[in-house]
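Everything on this sheet refers to the single structure shown next.
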Amino acid sequence: MLETLKERVFHANLDIINNGLVLLTWGNASAIDRETGLVVIKPSGVSYKKMDINDMVIVDLNGKQVEGNLKPSSDTATHLELYRNFTEIGGIVHTHSTYATAWAQAGKSIPIIGTTHADYFANDVPCTRYMADSEVFGDYELETGKAIVRVFEKLNPNEVPGVLVKNHGPFVWGKDVEHAVLHAIVMEEVAKIAHLSFLLNPNLTMNKALVRKHYERKHGKDAYYGQH
């Protein structure tokens, strides 16, 4: 079932560790087949070195396991909440990459202060609020997803394809799982550049027109970057 998607999710999980975004088993990637409403996700706590395509787990949007002998990622409920609410996304990546996680632990959004950021994210990368004890000790992973969704009540998740979960780390997404990996790579680099930039100049500002120009030349209706 969904053999091609399972292969893509398997390779996406390898890509996040091969790009230095994950140590040990600190991350996961998933993808959704919108026609069937089924999600393929990494199994929980399985070593990337031992994992193979057949270890990928399939669940439906309610979290019921449809295929696979292993338990799905412990973050599955967060992924599913995002798929249910962000209906245009096709893939999600969660990591604990160093710089993005540092911003998350500091409880700070990554401000848009350069064109590298603006090429992929049309605004600051937001950070969620503190989670209440009742959320943490309730259905924690589902509540994490709900906290992310609340942040995007006034933001477009297609224009800002990622978030920092306070005290936790980044979740990113894209039109497919390959784009989710790309955005995870970009977010980590942007987080690193922003950290270094503020060390050099704590009073940074950014030209909003330049933000729009760089974002729209890649993603706008009249985009001209690349070989269109």
Side-chain angles (χ1 to χ4, degrees), residues 1-98 100-101 104 128 139-149 157 161-165 168-188:
M1 181 184 293
L2 301 179
E3 296 305 315
T4 299
L5 194 60
K6 284 162 62 176
E7 183 173 0
R8 289 169 62 192
V9 170
F10 170 71
H11 286 294
N13 277 285
L14 295 184
D15 284 344
I16 59 176
I17 194 166
N18 290 336
N19 279 283
L21 302 178
V22 168
L23 296 174
L24 304 175
T25 59
W26 301 351
N28 42 71
S30 73
I32 187 170
D33 178 81
R34 288 290 180 183
E35 290 187 6
T36 62
L38 297 177
V39 172
V40 180
I41 194 164
K42 177 186 178 290
S44 179
V46 174
S47 167
Y48 288 88
K49 293 180 180 180
K50 297 179 180 179
M51 185 177 68
D52 66 31
I53 293 172
N54 294 322
D55 291 329
M56 299 300 102
V57 183
I58 300 178
V59 298
D60 66 18
L61 278 172
N62 295 314
K64 179 182 178 182
Q65 189 159 331
V66 176
E67 182 179 289
N69 297 318
L70 301 173
K71 293 192 301 182
S73 166
S74 58
D75 293 308
T76 296
T78 306
H79 288 239
L80 297 181
E81 182 68 4
L82 299 184
Y83 286 129
R84 286 191 293 263
N85 285 275
F86 301 161
T87 56
E88 295 183 28
I89 70 172
I92 297 170
V93 166
H94 169 54
T95 75
H96 289 249
S97 59
T98 303
T101 301
T128 63
D139 197 339
Y140 169 63
E141 288 79 15
L142 174 60
E143 294 297 339
T144 298
K146 289 181 177 181
I148 293 170
V149 171
V163 69
L164 302 175
V165 176
H168 188 169
F171 282 82
V172 294
W173 48 82
K175 66 180 182 179
D176 52 37
V177 71
E178 290 82 10
H179 277 83
V181 171
L182 171 66
H183 292 148
I185 294 168
V186 172
M187 185 190 287
E188 175 62 8

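Note that this is a predicted model, so its numbers are computed, not measured.
The shortest side-chain heavy-atom distance between Glu7 and His11 falls under the 4.5 Å cut-off. Counting only heavy atoms from C-beta outward, the side chains of Lys71 and Pro43 never approach each other to under 4.5 Å.
Each of Glu188, His183, His179 was scored for a side chain to side chain contact (heavy atoms under 4.5 Å, CB included) with Val172, with one residue passing: His183. With Met51 as reference, Asn13 is the one residue of Thr25, Leu70, Ile17, Asn13 to meet the side chain to side chain contact (heavy atoms under 4.5 Å, CB included) rule.
Rounding to the nearest 0.5 Å places CZ of Arg8 at 14.5 Å from NZ of Lys6. Rounded to the nearest 0.5 angstrom, Leu5 CG and Leu38 CG are separated by 9.5 Å. With rounding to the nearest 0.5 angstrom, the CG atom of Asp75 is 7.5 Å from the OH atom of Tyr140. Separation of atoms CG (Leu61) and CD1 (Ile32) is listed at 4.5 Å; rounding is to 0.5 Å. Within the model, atoms CG of Asp60 and CG of Leu80 stand 8.0 Å from one another, a figure rounded to the nearest 0.5 Å. For the atom pair Tyr83 OH and Ile89 CD1, the distance stands at 6.0 Å (nearest 0.5 Å).
The two residues Leu164 and Pro170 come nearest to each other via the heavy atoms CD2-CB, 4.0 Å. Across all non-hydrogen atoms, the minimal contact from Pro72 to Ile41 is CB-CG2, 3.8 Å. Between Val177 and Ala29, the shortest heavy-atom distance links the atoms CG2-CB, 4.2 Å. Closest approach of Glu141 and Ser74 over heavy atoms only: CG-O, 2.9 Å. Residues Arg84 and Ala77 approach most closely at NH2-O, 4.5 Å, considering heavy atoms.
Using a 4.0 Å cut-off between charged side-chain N and carboxylate O, Lys146 and Glu81 make no salt bridge.
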Check: Where do Ile16 and Tyr48 land on the side chain to side chain contact (heavy atoms under 4.5 Å, CB included) test, with the steps shown first?
Finding: CA-CA 10 Å; Ile16 59 176; Tyr48 288 88; 3.9 Å; yes

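In the displayed structure, Gln65 atom CD is contacted under 6.0 Å by more than 12 heavy atoms of other residues, nucleotides or ligands.
A donor-acceptor contact shorter than 3.5 Å is absent between the side chain of Asn19 and the backbone of Leu21. Of the possible polar contacts, one joining the Asp55 side chain to the Asp52 backbone as a donor-acceptor pair under 3.5 Å is found. Judged by distance alone, with hydrogens and angles left aside, the side-chain atoms of Trp173 form a donor-acceptor pair with the main-chain N or O of Pro157 at under 3.5 Å. With Asn62 contributing its side chain and Lys64 its backbone, the two residues share no donor-acceptor pair below 3.5 Å. Within the 3.5 Å criterion, the main-chain N or O of His96 finds a donor-acceptor partner in the side chain of Thr101.
His94 and His79 form no side-chain donor-acceptor contact under 3.5 Å, judged by distance and modelled atom types alone.
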